[in-house]
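Note that ligands are numbered from 1 as they come in the structure, with each ligand's atoms numbered from 1 the same way.
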Amino acid sequence: MNPGHIRNFSIIAHVDHGKSTLADRLLERTGTIPPRQMRDQVLDRMDLERERGITIKMTPVRMEYHPKFSISNSQFSINDSISNENSNIVNSLKIGNSAYTLNLIDTPGHIDFSYEVSRALHAVEGVLLLVDSTQGVQAQTLTTLAAASSQGCTVIPIVSKIDSPAARIEEVAAELAQLLHVSPEEVLAVSGRTGEGVDKLLEAIVERIPPPHEMAASPISRGEPRGLIFDFSYSKHRGIAVCLRVFDGTFKKGQSLRFHAAGKEFIALEVGIFAPEERPADTLSAGEIGYIVTGIKEAGIVAVGDTIGAVRGTLPPLPGYSVPRPVVWASVYPSNQDDLTVLRQSLERLRLSDSSLSFEEESSGVLGRGFRCGFLGLLHLEIVTERLKREFGLSLIVTIPTISYAVTTTSGAREIIYTPAKFPEHGDIEKIEEPWAQVSIITPPESVSALIQMLYDHEAFTTHTETHRDGRIEMKVEMPLRELMRGFFDKLKSISSGYASLSYEILPERRADVVRLDVLVAEEPVPAFARVVARRRVQEEAEKMVEKLHGLLPKQLFVTKIQARSGGRIIASRTLSAMRKDVTGYLYGGDVTRKMKLLEKQKKGKKKMLERGKGMVNIPEEVFMKMVQASAE
Ligand SMILES: Nc1nc2c(ncn2[C@@H]2O[C@H](COP(=O)(O)OP(=O)(O)O)[C@@H](O)[C@H]2O)c(=O)[nH]1
Ligand SMILES: [Mg+2]
């Protein structure tokens with residue numbers, strides 16, 4: 001295929017600005033998906049994506065685009081294969097050589113999934129940057145734009161949802177133009193709902209986005225295939241299929257290939273394209289995006305960012321990208337220990353479609369054996385646990401999410417701790433460090449005073465403030481990641497009636513003033529309830545947890561103490577009265593002394609049980625779940 005006729009691009013935007021809906025219209029206009037198979041946000045294929053109306057995974061798709069001949073001369077002048085305009089028209093009509101192959105990658109908008117965006121950007125030359133004309137530029141618009149620019153992608157600015165009665169097309173176009181330092185005329189306007197502006201957009205894609213760069217392979221290696229893996233999927237009988245962007249040469253079925261970093265060799269069982277479902281093709285050549293079926297079934301070999309090439313190839317690996325560090329950790333335990341193996345297999349399977357998931361086995365006294373998992377954010381955690389439950393039918397207990405702390409002891413040893421139950425209780429701590437976050441917030445002016453109070457509550461300080469032309473305020477603040485994870489996003493949405501938006505990146509660690517907080521039930525600490533909290537909030541958190549657990553824990557046969565402990569002291573406590581069994585129920589009327597005797601006996605028995613009951617409380621699964629929710633409030 002002539003690379004001059006390929007355009008690779010990704011759609012990026014803040015969440016809900018209409019990416020997937022615009023992709024629908026592009027698929028429709030190019031005839032990629034026949035009308036009867038069309039449905040809303042057709043590229044959101046996971047059940048969970050459809051139910052929640054959000055995109056979680058990037059999706060690549062190939063389209064064939066035949067520009068209409070009546071459009072403009074510029075259509076033809078950019079056709080690099082033929083210089084004479086007239087012969088070009090003749091040729092186009094005869095052999096249809098003005099057809100273009102467009103490879104589109106739809107991406108998620110939520111910050112937790114920005115790793116998907118960054119990988120997509122490595123596979124393309126251009127991006128469609130959408131801004132909802134009813135909303136204006138949002139925090140994630142800025143983050144995705146910065147990522148695309150740093151990759152050297154050509155940006156096509158677009159205002160979306162122009163059919164909406166609330167659209168402020170000119171104003172938002174001007175805002176976007178200013179952001180990109182271009183003239184407002186360069187900003188396109190589309191509606192993914194009505195399809196308005198989509199033809200113009202297709203023309204702009206061909207005109208503005210450069211064709212794939214031809215990599216300068218040395219003369220000896222010409223023709224040698226090389227590609228970058230940006231995603232992969234797994235199927236039972238074919239093993240792992242990698243999604244790749246081909247940078248050199250040609251991949252074919254039957255070739256002996258090799259993963260550079262993993263050093264693993266394999267035979268290409270099939271090569272193909274996304275149409276949008278996998279469709280076999282004869283070849284995949286430089287500039288194209290497609291897949292290769294590897295037959296590899298073991299986990300841990302294939303990694304995104306690795307280079308795939310010929311077995312005795314001479315080309316060096318392509319620059320890859322590092323796997324992002326998890327931001328929050330939580331433990332996942334099967335409700336029934338018999339499911340431990342199934343849970344391990346399920347996590348391994350999930351990792352084959354979600355390369356950012358990490359986990360390791362651990363065991364906790366009360367909950368048995370399970371896995372400590374690292375996630376890119378709280379939504380990522382929620383999605384993964386939801387998928388484990390649904391796709392693998394597992395019943396799970398998930399512990400309170402936490403960030404990591406670097407603890408240096410007086411002996412000088414520095415350890416990264418990402419399980420509160422392993423955080424030193426007190427004693428020989430020299431210093432504690434924790435990750436910080438740089439947070440960008442865009443908010444309507446009405447919410448600023450509430451926001452300032454909130455920033456104070458969350459230990460944030462402002463480094464930059466700017467007023468947008470529509471009056472909204474953009475703030476850059478720095479705060480401990482721990483405080484960002486303490487429900488900051490939900491509170492921001494609530495104080496701004498949903499109008500404020502947020503994006504963040506992780507900053508290096510700084511000194512932290514935090515302490516461990518344990519919850520004890522019947523005088524035994526429950527490791528799953530252990531937390532690390534700001535010293536200044538420990539009393540408040542302790543009371544909150546004890547109160548909450550008191551309300552949730554079912555009564556036991558004996559009186560049960562619920563306590564919070566920090567720094568070796570009990571700082572909050574409540575007593576849960578015992579369940580009262582009706583020991584006298586069978587005595588009808590009459591003999592009061594006998595009744596008293598029985599009650600007396602019961603009292604004694606309970607006292608004994610209080611002794612015996614130490615640490616023997618069976619905490620039901622839903623109590624764990626509700627405690628986790630409570631801690632995020
Ligand atoms: N009025 C209007 N609504 C739209 C348009 N495009 C998308 N929407 C709605 O906006 C919401 C988010 O759309 P979606 O395509 O999933 O956004 P994404 O998160 O950027 O992929 C959905 O409820 C869509 O129905 C449009 O052009 N006009
Ligand atoms: Mg989407």
Test: Glu125 and Arg208 ion pair at under 4.0 Å
no
Is NZ or CZ of Arg390 both nearer than 6.0 Å to the six-membered ring centre of Phe392 and within 45° of the ring axis?
no
Test: Arg486 cationic atom under 6.0 Å from Phe488 six-membered ring centre, within 45° of axis
no
Which pair of non-hydrogen atoms, one from Ser356 and one from Tyr115, has the smallest distance, and what is that distance?
CB-CD2, 3.9 Å
Just go through Asp24, Thr21, Thr134 and tell me whose heavy atom is the nearest to atom 6 (N) of ligand 1.
Thr21
Aromatic rings Tyr65 and Tyr100: how do their planes relate, parallel, tilted or perpendicular, breaks at 30° and 60°?
tilted
closest protein heavy atom to atom 18 (P) of ligand 1 is Lys19 N, 3.5 Å
Protein heavy atom at shortest distance from atom 8 (N) of ligand 1
Lys161 CE, 3.6 Å
Counting only heavy atoms closer than 4.0 Å, does ligand 1 sit against the backbone of Asp16, its side chain, both, or neither?
both
One finds that the ligand 1 atoms under 4.0 Å from a non-hydrogen atom of Gly192 are 26 (C), 27 (O)
Using 4.0 Å as the upper bound for N to carboxylate O, is an ion pair formed by Glu49 and Arg52?
no
Considering Ile12, Asp132, Asp163 one by one, which has a heavy atom nearer to atom 26 (C) of ligand 1 than any of the others?
Asp163
Electrostatic pair Lys491-Asp457, nearest N-O below 4.0 angstrom
no
Kindly assign one of parallel, tilted or perpendicular to the pair Tyr321 and His122, based on the angle between their ring planes and the thresholds 30° and 60°.
tilted
With a cut-off of 2.8 Å, does any N, O or S atom of Ser20 fall short of it relative to the Mg ion (ligand 2)?
yes
Atom 25 (O) of ligand 1 has as its nearest protein heavy atom Arg193 NH2, 2.9 Å
Would you confirm whether any non-hydrogen atom of the protein falls under 4.0 Å from atom 10 (O) of ligand 1?
yes
If we number the atoms of ligand 1 from 1 as shown, the ones under 4.0 Å from a heavy atom of Ser191 are 27 (O)
Taking distance alone, with N or O pairs closer than 3.5 Å, would you say Val15 contacts ligand 1?
no
Do side-chain atoms of Arg245 reach the backbone of Ile289 as a donor and acceptor pair under 3.5 angstrom?
no
Metal proximity, Thr55 vs the Mg ion (ligand 2), N/O/S cut-off 2.8 Å:
yes
Within the structure, does Asp44 bring an N/O atom to less than 3.5 angstrom of an N/O atom in ligand 1?
no
If you have a sec, work out which protein heavy atom is nearest atom 17 (O) of ligand 1 and how many Å separate them, to one decimal?
Gly18 N, 3.1 Å
N/O of Ser164 under 3.5 Å from N/O of ligand 1, yes or no?
no
Which part of Gln41 is near ligand 1, with near meaning a heavy atom under 4.0 Å away: side chain, backbone, both or neither?
side chain
Find the distance between CD (Glu446) and OG (Ser496) and round it off to the nearest 0.5 Å.
9.5 Å
